[in-house]
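As the structure lists them, so they are numbered: ligands from 1, and atoms in each ligand from 1.
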Amino acid sequence: MIKVGDIEFPKRKVWMKTYGCQMNYHDTERILSHLKELNFEHTEDQEDADLLLFNTCAIRDLANQKFYSHLGNTKKYKEVKIGVGGCIAQTDSKDLLKKYQHLNFAFGTDAIDNIKEMVFRAYSGDNKFAVTSWDRSENYSIETKITHGSPQAFVNIIKGCDKFCSYCIVPFTRGREKSRKLQEIVDDTKKLVEYSGIQEVTLLGQNVNSFGKDNGESLAQLIQELEKINGLELIRYTTSHPYDVSDELIEVHGSSKKLANHLHLPIQSGSNTVLQRMLRQYTVEHYLELVEKLRKANPEIVLSTDIIAGFPNETRQEHEATLELLNKAQYDFIYSYNFSARPGTKASRMKDILTADIRGERLREIQAHQLEIQEKIRSQMVGKTYRVLVEGKSSFKGETKWRGRTNCYRIVHFLPKELEQNYQWHWVDVKITSATALSCQGEVVQDFGRRLPIFS
Ligand code: SAH
Ligand code: SF4
Ligand code: F3S
């Protein structure tokens with residue numbers, strides 16, 4: 001039993017559902033870590049929980065609908081407390097509390113680290129409240145919290161977004177950009193490596209490569225400092241905006257021994273006129289120039305992107321420019337979505353002549369075209385050996401195999417050399433034996449165990 005003031009916290013269970021991006025998954029981890037201090041144990045079983053929490057995403061309507069229907073279904077639980085956080089809660093908390101009578105509290109994206117106070121309030125009998133104010137402190141300062149035993153960690157380095165792309169809800173749900181101080185991140189990461197066995201970090205932000213602008217620091221400098229940490233093997237970062245890819249950062253992609261051979265660089269559209277309407281602040285030519293420079297700096301680099309199909313009033317010609325862009329950029333994979341009008345954004349007020357059918361058709365065309373490109377790119381992997389960090393097991397075509405990720409972010413499946421061999425969190429070298437657009441199979445040629453040798 002833990003007692004806070006007059007309130008007793010016996011052992012209870014918290015269930016949590018997370019939607020959206022890595023930022024949200026990491027926020028969930030923070031929440032669960034805080035709640036441990038109030039005697040909450042994490043459960044995957046909704047039926048077994050005393051507290052139900054949702055961490056929501058507002059990026060597209062589909063994500064919203066899934067969440068609303070799930071929240072509606074929790075009405076049957078009479079004895080539990082229910083809270084909703086994240087991007088939908090940031091902008092719509094009042095409506096949520098009004099519409100869902102069984103909902104106890106809602107909290108915004110800047111209130112993640114106040115979760116203990118909110119749960120305390122809920123258990124003190126305050127059954128209808130929202131905490132959505134923005135954090136007004138000058139600096140963004142936090143310490144990374146992890147709840148898992150894996151060697152991979154997300155590290156927040158910047159929050160918010162100042163870009164206001166015409167279609168995007170994020171600046172409204174996450175507020176203005178604010179970076180952590182470089183030294184704080186380095187110290188934080190050192191602790192993760194030293195005390196929690198972390199070997200791979202993913203630096204997180206909605207617009208991660210504008211890190212440090214407010215402090216005269218930069219992502220390139222940060223990576224160079226992190227590289228010096230003994231025991232840290234791999235550095236990733238996501239998500240970047242093409243406007244903020246500096247020459248200095250490109251150079252680091254060439255020189256760094258620890259920065260992953262992968263960059264997710266969302267382009268959104270291959271048409272300059274659509275990019276203008278999206279307010280993306282770059283042209284296709286500029287983007288392709290970045291791609292060329294990156295590949296020159298690091299010939300091993302693998303690129304991926306995000307595409308929005310059927311932006312308001314997109315012409316057939318503009319759509320075809322995106323197909324053409326896929327040919328030129330040669331992405332390893334893409335995330336593609338239909339445009340979804342988000343309330344309050346500029347694009348949602350544009351008069352639009354496209355139908356849902358046309359949008360769907362264009363999305364399918366983009367995906368089919370990319371798969372053809374991807375098939376060719378992946379087939380070139382056969383016969384090559386990749387360093388892989390093994391994440392776990394998964395079932396592939398009815399067969400259970402080990403699954404790991406290459407430095408360049410590709411998932412690789414392989415069978416153990418001996419049936420009992422446990423590769424969990426091992427570094428292994430895997431020789432690729434077959435590769436299609438969506439899967440890579442290989443065999444282990446060397447197993448380094450849980451730590452790479454010092455010389456590598
Ligand atoms: N900060 C990143 C993207 C974050 S949102 C960037 O600027 O690239 C992740 C992706 O969701 C975006 O890249 C975009 O492709 C997609 N997205 C955002 N708003 C959308 C909308 N209204 N409709 C469809 N897709 C959207
Ligand atoms: Fe949204 Fe990314 Fe544009 Fe920011 S930069 S508004 S997060 S798409
Ligand atoms: Fe969604 Fe918010 Fe991330 S809207 S994509 S969870 S920043």
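The F164 neighbourhood of ligand 2 comprises atoms 6 (S), with distances under 4.0 Å to a heavy atom of that residue. Every atom of ligand 3 is numbered from 1 in the order shown, and the set under 4.0 Å from a heavy atom of C87 is 2 (Fe), 4 (S), 6 (S), 7 (S). Listed by number with element, the atoms of ligand 3 under 4.0 Å from a non-hydrogen atom of Q206 are 7 (S). The contact set between ligand 2 and K163, taken as ligand atoms under 4.0 Å from a residue heavy atom, comprises 4 (Fe), 5 (S). Applying the 4.0 Å criterion to heavy atoms of N24 picks out, from ligand 3, the atoms 6 (S). Short contacts between ligand 2 and H241, defined as distances under 4.0 Å to a heavy atom of the residue, involve ligand atoms 5 (S). Close approach of ligand 2 to P171 is summarised as follows: ligand atoms under 4.0 Å from at least one heavy atom of the residue are 6 (S).
The backbone and the side chain of C57 each have at least one atom closer than 4.0 Å to an atom of ligand 3 (non-hydrogen atoms only). Neither the backbone nor the side chain of N207 has any atom closer than 4.0 Å to an atom of ligand 2 (non-hydrogen atoms only). The side chain of Y167, and not its backbone, has at least one atom closer than 4.0 Å to an atom of ligand 2 (non-hydrogen atoms only; side chain from C-beta on). Counting heavy atoms closer than 4.0 Å to ligand 2, residue P266 contributes nothing at all.
Using modelled atom types, no side-chain atom of R60 and backbone atom of A341 make a donor-acceptor pair closer than 3.5 Å. Between the R176 side chain and the P171 main chain, a donor and an acceptor come within less than 3.5 Å of each other. No donor-acceptor distance shorter than 3.5 angstrom exists from the side chain of T305 to the backbone of I334, with no hydrogens or angles considered. The backbone N or O of D244 sits less than 3.5 Å from a side-chain atom of N209, completing a donor-acceptor pair.
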*Using the salt bridge (Lys or Arg N to Asp or Glu O under 4.0 Å) rule, take D188 and K181 through it: C-alpha gap first, then chi angles, then the decisive distance, then the call.*
CA-CA 11 Å; D188 192 18; K181 289 269 170 61; over 6 Å; no
Next on the checklist: salt bridge (Lys or Arg N to Asp or Glu O under 4.0 Å) for E79 and R12? Distances and angles first, verdict last.
Outcome noted: CA-CA 12 Å; E79 300 301 318; R12 290 194 178 99; over 6 Å; no
Using the rule given for ring-ring contact (aromatic ring centres under 6.0 Å, His included), can you reason through H262 versus F333, listing the C-alpha separation, both sets of side-chain angles and the distance that settles it, and then say yes or no? CA-CA 11 Å; H262 170 237; F333 64 90; 5.8 Å; yes
Legend entry - Step-by-step side-chain hydrogen bond (donor to acceptor under 3.5 Å, both in side chains) determination, S271 to T273: CA-CA 5 Å; S271 149; T273 38; 3.0 Å; yes
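Evaluated by nearest non-hydrogen atom to atom 7 (S) of ligand 2, the leading choice among I308, V170, T173, T239 is V170.
When hydrogens are left out, the protein atom nearest atom 6 (S) of ligand 2 is C165 N, 3.4 Å; that is the closest non-hydrogen contact. Counting only heavy atoms of the protein, atom 3 (Fe) of ligand 3 lies nearest to C21 SG, 2.3 Å. Here the heavy atom of the protein found nearest to atom 2 (Fe) of ligand 2 is R280 NH1, 4.2 Å. Protein heavy atom in closest approach to atom 7 (S) of ligand 3: R174 NE, 3.4 Å. Given atom 4 (Fe) of ligand 2, the protein heavy atom at minimum distance is C161 SG, 2.3 Å.
Look at M23 and you'll find every heavy atom at least 4.0 Å from all atoms of ligand 3. At least one heavy atom of A58 sits less than 4.0 Å from an atom of ligand 3.
Distance check, rounded to the nearest 0.5 Å: CG of N139 to OG of S179 gives 10.0 Å. Residue I146 holds its CD1 atom at 13.5 Å from CG of L32, rounded to the nearest 0.5 Å.
With respect to the salt-bridge test (charged N to carboxylate O, under 4.0 angstrom), the residues R236 and E200 qualify.
The aromatic rings of F54 and F67 sit perpendicular to each other, their planes meeting at more than 60°, with 30° as the lower class boundary. Taking the six-membered ring where the residue is Trp, F105 and F129 present parallel rings, their angle staying beneath 30° rather than reaching 60°.
Aromatic ring centres of F339 and F311 lie closer together than 6.0 Å. Under the 6.0 Å cut-off for aromatic ring centres, H264 and Y335 qualify, their centroids lying closer than that.
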Identify all pairs of nitrogen or oxygen atoms, one from ligand 1 and one from the protein, separated by less than 3.5 Å, and list them with distances.
residue: ligand 1; atom: 1 (N); partner: Q206; partner atom: O; Å: 2.7
residue: ligand 1; atom: 7 (O); partner: R280; partner atom: NH1; Å: 3.0
residue: ligand 1; atom: 8 (O); partner: Q268; partner atom: NE2; Å: 3.4
residue: ligand 1; atom: 11 (O); partner: R60; partner atom: NH1; Å: 3.2
residue: ligand 1; atom: 13 (O); partner: Q268; partner atom: NE2; Å: 2.8
residue: ligand 1; atom: 13 (O); partner: D306; partner atom: OD2; Å: 2.6
residue: ligand 1; atom: 15 (O); partner: Q268; partner atom: OE1; Å: 2.7
residue: ligand 1; atom: 22 (N); partner: Y167; partner atom: O; Å: 3.0
residue: ligand 1; atom: 22 (N); partner: S340; partner atom: O; Å: 2.8
residue: ligand 1; atom: 23 (N); partner: S340; partner atom: N; Å: 3.0
residue: ligand 1; atom: 25 (N); partner: R60; partner atom: NH1; Å: 3.4

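Taking backbone and side chain together, C168 holds an N, O or S atom under 2.8 Å from atom 1 (Fe) of ligand 2.
D332 and Q374 are not linked by any side-chain donor-acceptor pair at a separation below 3.5 angstrom, with hydrogens and angles left out of the test.
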